[in-house]
Amino acid sequence: MDIFEFYKTSGIDLEEHNGAKFYAVQPKDACVLLDLLNQQHVIVHSIDVLYKNENGLYGYSTQSPQCISWDLDAANIPEEKRYEVVKQKIQDFDAHSDHENLAFLFSDEQSYKAWKKNHAKF
């Protein structure tokens, strides 16, 4: 499966939640997406953790003064180590969180393109 199809079938369209032109993925799909990105040699720049609010909409946490974002570029994590670092962060975070109210937003060279392609008007 390619990244475009994966997002189309498994992605959470954030336009419906907070107006953003991106997809997010549920924790159960985060490692699958990471594997797809890794197989296609797509570099992940950062990942934001989103929470579902009382209205059922995903966005950044409003209960905590700190949003969770793993900025791999700013942390100077070498590209060849990002896959393992991100996979471990997702697994660690997922093990200690409420799966139903959580989503991951990946920043890479394909995720926005997938959203744009899947929303293109023909």
Side-chain angles (χ1 to χ4, degrees):
M1 176 179 291
D2 69 13
I3 295 166
F4 299 106
E5 272 304 308
F6 179 81
Y7 272 128
K8 190 174 183 177
T9 58
S10 300
I12 300 166
D13 190 344
L14 292 178
E15 184 175 46
E16 299 169 8
H17 291 263
N18 61 18
K21 297 180 188 306
F22 294 100
Y23 289 111
V25 293
Q26 293 180 332
K28 66 179 178 63
D29 296 322
C31 286
V32 175
L33 176 59
L34 183 60
D35 288 341
L36 282 173
L37 294 170
N38 189 49
Q39 289 167 7
Q40 296 183 22
H41 307 290
V42 176
I43 299 165
V44 175
H45 298 288
S46 66
I47 298 176
D48 294 336
V49 179
L50 305 178
Y51 297 93
K52 191 186 298 183
N53 67 19
E54 61 277 354
N55 297 322
L57 301 174
Y58 285 101
Y60 293 94
S61 175
T62 56
Q63 298 173 356
S64 170
Q66 179 181 349
C67 293
I68 298 174
S69 179
W70 302 317
D71 189 336
L72 306 169
D73 292 339
N76 293 320
I77 297 174
E79 293 174 6
E80 63 273 8
K81 293 186 178 189
R82 291 186 182 196
Y83 171 78
E84 289 302 324
V85 168
V86 169
K87 192 162 198 161
Q88 189 63 53
K89 283 183 172 288
I90 289 170
Q91 289 171 342
D92 290 347
F93 196 83
D94 189 32
H96 300 95
S97 63
D98 178 3
H99 298 20
E100 297 298 316
N101 295 318
L102 180 67
F104 295 104
L105 170 63
F106 283 70
S107 174
D108 57 74
E109 282 85 18
Q110 290 298 319
S111 292
Y112 175 70
K113 290 177 185 176
W115 187 93
K116 193 170 180 180
K117 178 180 178 182
N118 288 334
H119 286 77
K121 304 286 186 221
F122 293 101

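Just so you know, these numbers use all the heavy atoms, side chains as well, and skip hydrogens, waters and symmetry mates. The first residue in the sequence is number 1, and the count goes up from there.
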**Residue pairs, two or more places apart or on separate chains, that pass salt bridge (Lys or Arg N to Asp or Glu O under 4.0 Å) and touch residues 67-85** =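 Listed once each, the pairs are D73-R82.
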**Asked** After noting the C-alpha distance and the side-chain angles of D2 and Q40, does the key distance pass the side-chain contact (heavy atoms from CB on, under 4.5 Å) rule?
**Response** CA-CA 9 Å; D2 69 13; Q40 296 183 22; 4.1 Å; yes
Cluster question for you: counting only ILVMFWY and a side-chain heavy-atom cut-off of under 4.5 Å, with indirect links fine, are [X] and [Y] together?
X: M1; Y: F4; answer: no
X: Y112; Y: I12; answer: yes
X: L36; Y: L34; answer: yes
X: V86; Y: V32; answer: yes

**Closest contact, heavy atoms only, G59 versus N18** =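 Smallest interatomic distance, heavy atoms only, reads CA-ND2, 3.9 Å.
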**Request:** Of all the heavy-atom pairs spanning Y7 and A114, show the shortest one and how long it is.
**Result:**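 Looking at all heavy atoms of both residues, the closest pair is CD1-CB, 3.6 Å.
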Quick check for you: to the nearest 0.5 Å, what is the distance between [X] atom [atom1] and [Y] atom [atom2]?
X: S111; Y: F22; atom1: OG; atom2: CZ; value: 8.5 Å
X: N118; Y: E5; atom1: CG; atom2: CD; value: 7.0 Å
X: H45; Y: F106; atom1: NE2; atom2: CZ; value: 13.0 Å
X: K87; Y: D92; atom1: NZ; atom2: CG; value: 12.5 Å

**Message:** side-chain contact (heavy atoms from CB on, under 4.5 Å) for F6 and D29? Distances and angles first, verdict last.
**Reply:** CA-CA 9 Å; F6 179 81; D29 296 322; 3.6 Å; yes
In a check of side chain to side chain contact (heavy atoms under 4.5 Å, CB included) between [X] and each of [options], which one passes?
X: L105; options: Y23, Y60, Y58; value: Y60
X: Y83; options: L37, I43, V44, D35; value: D35
X: W70; options: I77, V85, V49; value: V49
X: I90; options: V25, L33, I47; value: I47

**Message:** Between K52 and H17, is there a side-chain heavy-atom distance shorter than 4.5 Å?
**Reply:**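 Heavy-atom side-chain distance check fails, nothing below 4.5 Å.
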**Request:** Go through the steps to decide whether E15 and H119 satisfy the test side-chain contact (heavy atoms from CB on, under 4.5 Å), and finish with yes or no.
**Result:** CA-CA 10 Å; E15 184 175 46; H119 286 77; 3.8 Å; yes
**Asked** Has the side chain of N55 got a donor or acceptor atom that lies under 3.5 Å from a matching backbone atom of L57?
**Response**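 It does not hold such a pair.
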**Asked** For S69, what residues pass the side chain to side chain donor-acceptor pair (under 3.5 Å) criterion, not counting sequence neighbours?
**Response**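 Applying side chain to side chain donor-acceptor pair (under 3.5 Å) to S69 gives D48.
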